[in-house]
Amino acid sequence: MTDVLLKVENLKKHFPIKKGIFAREVGQVKAVDGVSFDVLEGETLGIVGESGCGKSTTGRMLMRLIEPTEGDVTFNGKNLTALSAEEMRQARRDIQMVFQDPYASLNPRHTVAQILEEPLIVHNIGTKAERRDKVMRLLKTVGLSEYHANRYPHQFSGGQRQRIGIARALMTNPKLIIADEPVSALDVSIQAQVLNLMQQLQQELKLTYIFIAHDLGVVRHISDRVGVMYLGKMVELATSESLYEEPLHPYTKALLAAVPVPDPDFVKETTMLQGDIPSPSNPPSGCTFHTRCPFAQAACKEKVPVLQQIKPGHAVACHLYDDTVTMI
Amino acid sequence: MSERKKLLNVKELETTFFTDDGAVVAVDRISFHVHEGEILGIVGESGCGKSVTSLSVMGLVPNPPGKVTHGEILLDDKDLAKLTDKEMRNIRGKDVAMIFQEPMTSLNPLYTIGNQLSEAITLHNKSWSKKQVQARAIEMLKLVGLPRAEELMKDYPHQLSGGMRQRVMIAMALVCDPKVLIADEPTTALDVTIQAQILALMKDLNTRLHTAVMLITHDLGVVAETCERVVVMYAGQIVEQASVRDIFKNPQHPYTQGLIQSVPDMRYKKDSLYSIPGNVPKPGSITTGCRFAPRCAFVHERCTVENPALYKAGQAHEARCFLVEEKAGVVQ
């Protein structure tokens with residue numbers, strides 16, 4: 001029924017490690033290593049993972065703000081990775097981004113009106129009066145007032161700045177918004193305001209979101225489906241209900257168990273992960289999680305598990321479920 | 001419970017910053033205490049004064065522009081606020097120690113872990129031999145669960161991961177057996193799985209060594225899991241303090257209630273998240289009436305003119321709200 005808006009296939013980004021005066025390549029950081037997923041029209045896909053798992057790099061590659069090393073990104077039937085720079089620039093009208101740091105992503109020397117108008121100028125949309133009109137309309141949409149238009153970013157609080165960031169992303173009437181940790185720099189009470197605003201806008205404007213964050217509570221709240229990343233790979237992808245109620249991958253289980261719950265009476269199972277995340281420049285062989293996995297078997301060290309569907313709407317990349325798949 | 005000794009007793013602490021735009025009272029006459037061996041949580045959003053409170057206790061408020069302008073900080077009946085810099089230096093690290101949010105920036109990148117740990121030990125134990133110091137440092141690294149402690153002594157901070165650095169910081173803070181450990185957002189910069197490890201370590205050390213901990217955080221989940229009692233701060237004042245159960249199960253102040261409701265809980269999905277309207281006020285911007293009044297859903301006339309005091313809301317439970325005062329009056 002719902003159409004696939006964005007299709008990502010085997011997306012990879014390997015950053016070279018260079019050494020010496022001739023910048024000889026001595027290795028690679030496999031920031032993203034073969035990620036595939038679909039985003040359906042009108043849904044919110046959450047991507048979670050710890051620092052260094054490649055979730056932000058994935059988000060940026062979708063817009064080609066970072067060029068992928070390999071793989072395809074198909075948006076609305078068009079292969080974005082094959083576009084020229086100019087064609088890509090035009091395609092970005094339909095895909096916009098909201099960044100984490102509302103302090104660093106707004107030009108301090110521009111007024112809010114200038115910041116919001118810029119995407120329209122870049123894409124050559126409307127006359128001056130029409131553009132001004134749109135700026136005013138969107139300011140109200142995100143809960144600010146018309147008199148805010150002539151102020152500078154430093155005159156706003158963090159939450160208000162994030163509202164401006166969202167308004168800017170909405171200026172070109174995009175279909176897809178990629179939000180990279182949009183609320184993690186905000187206080188709890190302000191975070192709730194921005195999350196509610198994003199949900200309300202999604203309903204009104206029929207937007208599709210890719211929501212990248214490390215906060216599992218926030219991601220559950222806003223997402224229809226959630227993908228979990230670990231060391232450049234997607235290890236589990238499921239509907240948010242299914243993922244949080246019945247996580248399958250040992251990493252997802254450990255990640256969910258690690259989140260502190262705001263309830264002193266809540267007793268949780270203690271599956272604490274030992275050790276740190278391995279370096280993505282020298283990832284472990286086979287399943288990259290086998291070094292920290294309590295259920296690791298011999299096969300996990302050799303064979304790379306693939307993301308496969310275990311039950312409707314729930315896919316996992318783990319050898320523990322190999323048998324379940326063959327049974328189906 | 002009430003017979004437990006108050007180890008750290010802060011009375012009417014006021015810390016003011018003298019800026020070009022006038023004096024800003026960042027911490028406005030707050031009183032609280034830490035019992036022996038307990039973990040006290042101080043929660044609040046940015047700018048509520050929780051970090052300035054901890055710096056005041058440590059005597060580390062940058063001066064100028066900041067200064068403790070009123071009140072007493074009693075540690076074992078000794079007033080830390082009245083000590084000279086030199087006297088304070090003898091207390092800091094020995095009786096009160098602190099760990100910070102950024103384990104990356106609070107270690108010196110140019111010295112080895114062993115070097116930095118030894119410095120902290122020698123400072124307060126001048127008579128110790130090199131061997132004794134070395135042995136103590138290794139013992140501490142083992143205590144905080146770091147593997148291959150001997151080799152780690154020769155490593156530099158950049159060779160360690162974030163979680164390991166925070167463990168080193170904890171080892172360094174505990175090296176002289178302090179009575180109180182102040183932890184200012186100790187896990188905020190860490191990933192959740194590493195955060196879980198560090199919190200478990202802090203709880204374990206608290207039960208084993210009986211070090212009292214003052215845990216400053218904005219994360220209500222962390223508070224629920226680690227603390228015994230909680231102090232909630234807003235705009236430089238304490239708005240509520242109670243046991244951790246009372247704070248989460250029976251919050252009395254509208255701010256505490258709103259804060260708890262605005263956290264998305266991973267366990268269930270709510271359709272819409274409750275959110276407190278408006279913004280966190282700038283320190284010193286509200287002077288008359290209740291500081292939460294502009295954002296409060298239950299605001300009435302009295303709130304805008306009169307400043308509420310802390311009213312008793314139950315056993316060892318206080319809240320700064322007229323509604324609590326009225327409720328208490330009815331009961332009596």
Side-chain angles (χ1 to χ4, degrees), chain A residues 48-53 143 156-160 183 185-197 199-200 214-224 230 240-241 244-245 251 254-266 268 270-279 292, chain B residues 43-48 147 160-164 187 189-197 199-200 217-228 230 243-249 255 258-280 282 295:
Chain A
V48 281
E50 298 182 279
S51 42
C53 73
F156 294 91
S157 66
Q160 287 174 318
V183 295
L186 306 175
D187 275 319
V188 192
S189 68
I190 310 299
Q191 171 180 305
Q193 291 174 5
V194 173
L195 287 175
N196 285 340
L197 172 70
Q199 281 186 317
Q200 176 211 329
H214 70 277
D215 186 322
L216 289 139
V218 168
V219 168
R220 168 160 205 182
H221 179 73
I222 198 149
S223 309
D224 299 306
Y230 182 77
S240 121
E241 181 84 20
Y244 283 87
E245 296 302 329
Y251 176 64
L255 197 63
L256 291 176
V259 178
V261 174
D263 180 352
D265 289 344
F266 183 69
K268 62 182 182 187
T270 43
T271 39
M272 202 178 296
L273 277 188
Q274 298 303 316
D276 290 312
I277 305 170
S279 156
R292 299 171 80 194
Chain B
V43 243
E45 298 182 284
S46 41
C48 72
L160 311 183
S161 68
M164 286 169 85
T187 57
L190 306 174
D191 280 318
V192 269
T193 55
I194 310 298
Q195 163 170 290
Q197 292 173 6
L199 290 178
T217 179
H218 69 279
D219 188 329
L220 289 164
V222 170
V223 170
E225 270 184 21
T226 36
C227 301
E228 272 174 59
V230 186
S243 71
V244 76
R245 266 208 107 236
D246 283 342
I247 286 285
F248 284 94
K249 298 292 172 186
Y255 175 65
L259 204 58
I260 289 168
Q261 284 178 58
S262 12
V263 183
D265 192 328
M266 202 189 67
R267 292 171 300 163
Y268 350 83
K269 184 164 174 129
K270 296 181 219 163
D271 287 337
S272 175
L273 217 49
Y274 177 83
S275 70
I276 306 174
N279 290 306
V280 182
K282 258 192 226 151
R295 301 176 75 190

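In the text below, chain A, chain B and the rest are named by the order of the sequence lines, each starting its count at 1.
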request  = Under the side-chain hydrogen bond (donor to acceptor under 3.5 Å, both in side chains) rule, collect the residues that match up with Gln261(B), sequence neighbours excluded.
outcome  = none
note = chain B shares the most heavy-atom pairs under 4.5 Å, among Ile222(A), Val218(A), Asp215(A), Val219(A), with Val218(A)
task = Can you see which heavy atom on Ala192(A) is nearest to which on Ser262(B), and at what distance?
result = CB-CB, 3.6 Å
Per-residue contact mode, Ser279(A) against chain B (heavy atom under 4.5 angstrom) = neither
message = Under a 4.5 Å cutoff for heavy-atom pairs, which residue among Val280(B), Leu190(B), Val192(B) has the most contacts with chain A?
response = Val192(B)
inquiry  = Using heavy-atom distances under 4.5 Å, tell me whether Asn196(A) contacts chain B through its side chain, its backbone, both, or neither.
reply    = side chain
Interface moiety of Leu195(A) toward chain B, non-hydrogen atoms closer than 4.5 Å = side chain
inquiry  = Does any backbone or side-chain atom of Tyr255(B) lie under 4.5 Å from a heavy atom of chain A? Answer side chain, backbone, both or neither.
reply    = neither
Which atoms of Leu256(A) approach chain B - backbone, side chain, both or neither, heavy atom under 4.5 Å = both
request  = Check whether Gln199(A) gets within reach of chain B through its side chain, its backbone, both or neither, counting any heavy atom under 4.5 Å.
outcome  = side chain
ask   = Under the 3.5 angstrom rule, does the side chain of Gln195(B) hit a backbone N or O of Ala258(A) as a donor-acceptor pair?
value = no
key: Residue selection (most heavy-atom pairs with chain A, distance under 4.5 Å) from Thr193(B), Ile276(B), Leu220(B), Val263(B)   = Thr193(B)
ask   = How close do Pro264(A) and Val244(B) get, heavy atom to heavy atom, and via which atoms?
value = CG-O, 3.8 Å
message = Looking at every heavy atom in both Glu45(B) and Asp187(A), which two are closest together, and how far apart are they?
response = OE2-CB, 3.1 Å
query = Who are the side-chain hydrogen bond (donor to acceptor under 3.5 Å, both in side chains) partners of Asn279(B), not counting sequence neighbours?
reply = Ser157(A)
Minimum heavy-atom distance Gln197(B)-Leu273(A), with the two atoms named = NE2-O, 2.6 Å
query = Would one find more than 12 heavy atoms of other residues, nucleotides or ligands at under 6.0 Å from atom CZ of Arg245(B)?
reply = no
query = Looking at Phe248(B) and Pro262(A), what are the two nearest heavy atoms and their distance?
reply = CD2-O, 3.4 Å
inquiry  = Quick one, Ile277(A) and Asp191(B) - any side-chain contact, counting heavy atoms below 4.5 Å?
reply    = yes
query = Side chain, backbone, both or neither: which part of Gln191(A) has a non-hydrogen atom closer than 4.5 Å to chain B?
reply = side chain
ask   = Is there side-chain contact between Lys249(B) and Asp263(A), with heavy atoms separated by less than 4.5 Å?
value = yes
ask   = Is it the backbone or the side chain of Glu241(A) that comes under 4.5 Å from a heavy atom of chain B, or both, or neither?
value = neither
message = Report which part of His214(A) has an atom under 4.5 Å of a heavy atom belonging to chain B: side chain, backbone, both, or neither.
response = neither
